[in-house]
Amino acid sequence: MAAPSFSTTALTPVLIHLLRGASDLASVAATHAKILKAGVASTLASSNHLLAAYCRCGAMSRARELFDGMRDRDVVSWTTLMSGYTASGRSREAVSVLRAMEFSGVQPNVVTLSTAASACARLADAGLGRQVHARAEVAGCARDTIVSTALIDMYGKAGRVDDSRAVFDGMAAPAMNAVSWGAMLAVYAQNALGNEAIQLFAELRTSGNGLAPNHFMLSSVVSACASVVRLSIGKCVHGAVLRLGHGNNEVVAVALVDMYSKCGCYEYSRKVFDRIEQPSIIPYTSIIVAAAKYGHGKCALALLGEMVDRGVQPNDVTLLGVMHACSHSGLVDTGLQFLHSMQSKYGIVPCPSHYTCAVDMLGRAGRLEEAFGLAKEAQVEGNEALLLWNSLLSACRTHKRLDLATLAGQRVSEFNQDVAGGLVVMSNAYASAGQTENAAAVWSSMRQRGIQKDPGCSWIEVKDIPYVFYAGAVSCAGARADEVLMLLDELEYKMREKGYRGRLGSARVSDAHEDDGDGGKGVMVGVHSEILALGFGLLVVPKGMTIRVMKNLRMCCDCHETFKLISGIVEREFVVRDLNRFHHFKTGSCSCNDYW
DNA sequence: TTAGGGTTAG
């Protein structure tokens with residue numbers, strides 16, 4: 001038999017070029033046909049090229065068919081198939097390919113193991129990931145830059161931050177590059193460990209072998225600042241973003257929009273958003289969510305209209321943002337229309353969160369019967385249902401509807417989960433209705449059952465340092481504690497001149513939404529934490545600067561009134577971020593128009 | 001020479 005001619009021994013450069021450029025199944029299949037027609041011998045390399053091309057266009061059944069028919073398979077063939085499955089969102093199959101590969105006697109290399117780690121990252125499965133890690137140790141490549149980086153990411157996505165850091169710390173200095181630093185920063189940011197991310201970023205700048213921060217690192221650090229509400233550092237990082245020339249990167253811009261919004265600076269969010277040239281769905285959603293938190297409902301609706309006009313289709317997150325915006329602006333009927341038309345108008349089936357938002361919206365508007373009707377109608381289960389009934393319970397309490405509160409309270413208690421939030425609201429509902437004995441009974445039952453709630457706290461950032469205040473405890477103000485108390489006394493006096501009838505600086509019977517955590521005070525609480533943070537802020541934040549207070553619970557009506565009065569008396573602006581939204585106090589009134 | 005790592009909205 002004659003030796004094959006040169007042209008049939010391997011893929012010609014032209015065919016390789018065609019395969020590389022092919023991004024759709026039709027052109028890959030056409031090139032495949034050309035190869036068969038030309039009688040090109042199917043060498044291992046040519047099969048691998050074809051396999052990769054099928055994987056690149058996501059045609060995994062064709063890829064598998066080809067793979068199964070191959071006479072020889074090397075580590076590249078196996079890894080290509082794994083990578084194809086991972087990219088197609090079929091990570092479990094990718095991991096099973098690794099097992100089959102080892103069973104067939106082909107040894108994994110660094111590329112195989114980094115691909116496998118990446119598949120486990122997508123699954124957020126630390127158990128499987130640990131097995132890949134062990135294989136990498138056995139193969140002696142666990143300290144390879146790319147394998148280590150993939151492992152850092154894998155542990156982080158699975159929530160095992162300490163394991164990520166151990167891999168990072170185990171890397172030799174020369175193996176650390178911008179990607180491994182970026183991966184570690186992202187792990188902290190994604191796990192809401194903002195301060196650790198900020199700390200690591202500082203280490204990079206002082207001892208990072210001269211590595212310049214890139215847009216990956218910057219977006220993570222900005223998002224880290226958002227997660228811990230560190231405005232001043234966020235602004236510094238924004239400066240670095242501009243200096244380093246990443247101001248036009250959309251991902252970084254989205255992180256900035258989100259950071260400013262979460263730090264109480266909606267105007268800055270809007271400025272950053274307005275500089276994005278052709279915003280995609282994520283920047284639009286991000287600014288809509290920001291507008292929602294500040295009660296700018298009409299603005300959110302305008303942004304939705306603008307994005308649709310520009311051909312950017314909203315998704316479920318966008319529409320949830322729009323509904324929240326309606327909810328926080330009192331546009332109840334508009335919000336309900338969205339719920340009922342999102343499927344026909346945008347092709348999006350409402351999720352439990354959309355129903356919860358609508359129920360919450362009706363509840364806060366006092367339309368409690370409608371809210372109950374919708375809550376029963378919505379097919380919501382599990383944790384989502386708990387959230388939904390909790391929000392309804394809270395609305396019943398606000399509108400002093402003890403009859404309905406009891407009904408909602410029963411639904412909440414059906415969940416054998418952490419019901420602290422619901423019980424607190426129930427107790428508050430009793431307290432609001434003047435039934436202090438029932439309120440105290442709920443607290444006592446919580447104590448007996450060992451249920452604890454997060455203590456209410458508020459914090460304020462001064463010169464980059466967060467000061468955290470708990471109800472009734474002014475000690476965080478340090479040497480200035482007495483001054484804070486004196487200032488609050490003085491303000492209370494001035495408020496009384498304006499008709500204020502409550503009490504500021506001593507224990508008062510009021511909403512028990514905030515307890516100092518010892519569980520023994522029942523509904524008798526001292527001055528709320530946001531008032532203390534405000535008092536401290538008035539002393540230390542220079543006149544002319546907005547005082548920004550953060551709170552981990554919802555602000556109560558008393559404190560809301562107090563903040564309004566004080567903003568008029570001292571002629572200063574305050575921004576309060578509570579659990580749900582932002583309040584911007586100015587000249588005696590609040591941006592929420594008392595609707596929240 | 002065909003296969004590998006990090007970012008943004010809820």
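Just so it is clear: chains get the letters A, B, ... in the order the sequence lines come, proteins before strands, and each one is counted from 1.
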Just checking, any donor-acceptor pair under 3.5 angstrom between side chains of [X] and [Y]?
X: A:Ser77; Y: A:Asn48; answer: yes
X: A:Ser353; Y: A:Thr356; answer: no
X: A:Arg364; Y: A:Ser327; answer: yes
X: A:Thr79; Y: A:Thr112; answer: yes
X: A:Thr318; Y: A:Thr285; answer: yes

So do the side chains of A:His328 and A:Asn580 get within less than 4.5 Å of each other, counting heavy atoms only?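 A side-chain contact under 4.5 Å exists here.
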Closest to the [X] side chain, choosing from [options]:
X: A:Ala186; options: B:dT8, B:dG10, B:dG6; value: B:dG6
X: A:Ser118; options: B:dT8, B:dG5, B:dG10; value: B:dG5
X: A:Val289; options: B:dG6, B:dT8, B:dG10; value: B:dG10
X: A:Val76; options: B:dG10, B:dG6, B:dA3; value: B:dA3

Please verify the inter-ring angle class for A:Phe582 with A:Tyr294; under 30° counts as parallel, over 60° as perpendicular, anything in between as tilted.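 Taking A:Tyr294 first and then A:Phe582, their aromatic rings lie parallel (interplane angle under 30°).
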Give the ring-plane orientation class for A:Phe338 versus A:Tyr346, where under 30° counts as parallel, over 60° as perpendicular and anything between as tilted. parallel
Value in whole Å for how far the [atom2] atom of [N] lies from [atom1] of [X]:
X: A:Tyr260; N: B:dT8; atom1: OH; atom2: P; result: 18 Å
X: A:Met259; N: B:dT8; atom1: CE; atom2: C1'; result: 13 Å
X: A:Leu19; N: B:dA3; atom1: CG; atom2: C1'; result: 15 Å
X: A:Lys262; N: B:dA9; atom1: NZ; atom2: P; result: 6 Å
X: A:Ile146; N: B:dG4; atom1: CD1; atom2: C1'; result: 6 Å
X: A:Met217; N: B:dT8; atom1: CE; atom2: P; result: 14 Å
X: A:Phe168; N: B:dG6; atom1: CZ; atom2: C1'; result: 12 Å
X: A:Ile287; N: B:dG10; atom1: CD1; atom2: P; result: 12 Å

Mind checking what makes salt bridge (Lys or Arg N to Asp or Glu O under 4.0 Å) contact with [X], not counting sequence neighbours?
X: A:Arg143; result: A:Glu137
X: A:Glu267; result: none
X: A:Arg160; result: none

Does A:Lys157 have a side-chain nitrogen or oxygen under 4.0 Å from the phosphate oxygens OP1 or OP2 of B:dG5?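 No, because none of the side-chain N or O atoms of A:Lys157 sits under 4.0 Å from OP1 or OP2 of B:dG5.
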Ignoring backbone atoms, establish whether A:Gln190 has a side-chain N or O less than 4.0 Å from OP1 or OP2 of B:dT8. yes
Any N/O donor-acceptor pair, [X] side-chain to [N] base, under 3.5 Å:
X: A:Asn177; N: B:dG6; answer: no
X: A:Thr149; N: B:dG5; answer: yes
X: A:Asn109; N: B:dA3; answer: yes

Around A:Asn248, counting heavy atoms of other residues, nucleotides and ligands shown, do more than 12 lie under 6.0 Å from its CG?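 Counting neighbours around CG of A:Asn248, 12 or fewer heavy atoms of other residues, nucleotides or ligands fall under 6.0 Å, so no.
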Listed in order of residue number, which residues of [range] have a non-hydrogen atom at under 4.0 Å from DNA chain B?
range: residues 79-103 of chain A; value: A:Thr79, A:Thr80, A:Ser83
range: residues 229-253 of chain A; value: A:Val251
range: residues 52-60 of chain A; value: A:Ala52, A:Arg56

Is the shortest distance from a Lys or Arg side-chain nitrogen in A:Arg165 or A:Glu196 to a carboxylate oxygen in the other one below 4.0 Å? no
Using a cut-off of 4.0 Å on non-hydrogen atoms, how would the nucleic acid contact of A:Asp74 be classed: base, sugar-phosphate, or nothing? nothing
How is A:Thr318 classified with respect to the nucleic acid when contacts are heavy atoms under 4.0 Å: base, sugar-phosphate, or nothing?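 Here A:Thr318 touches no strand at all.
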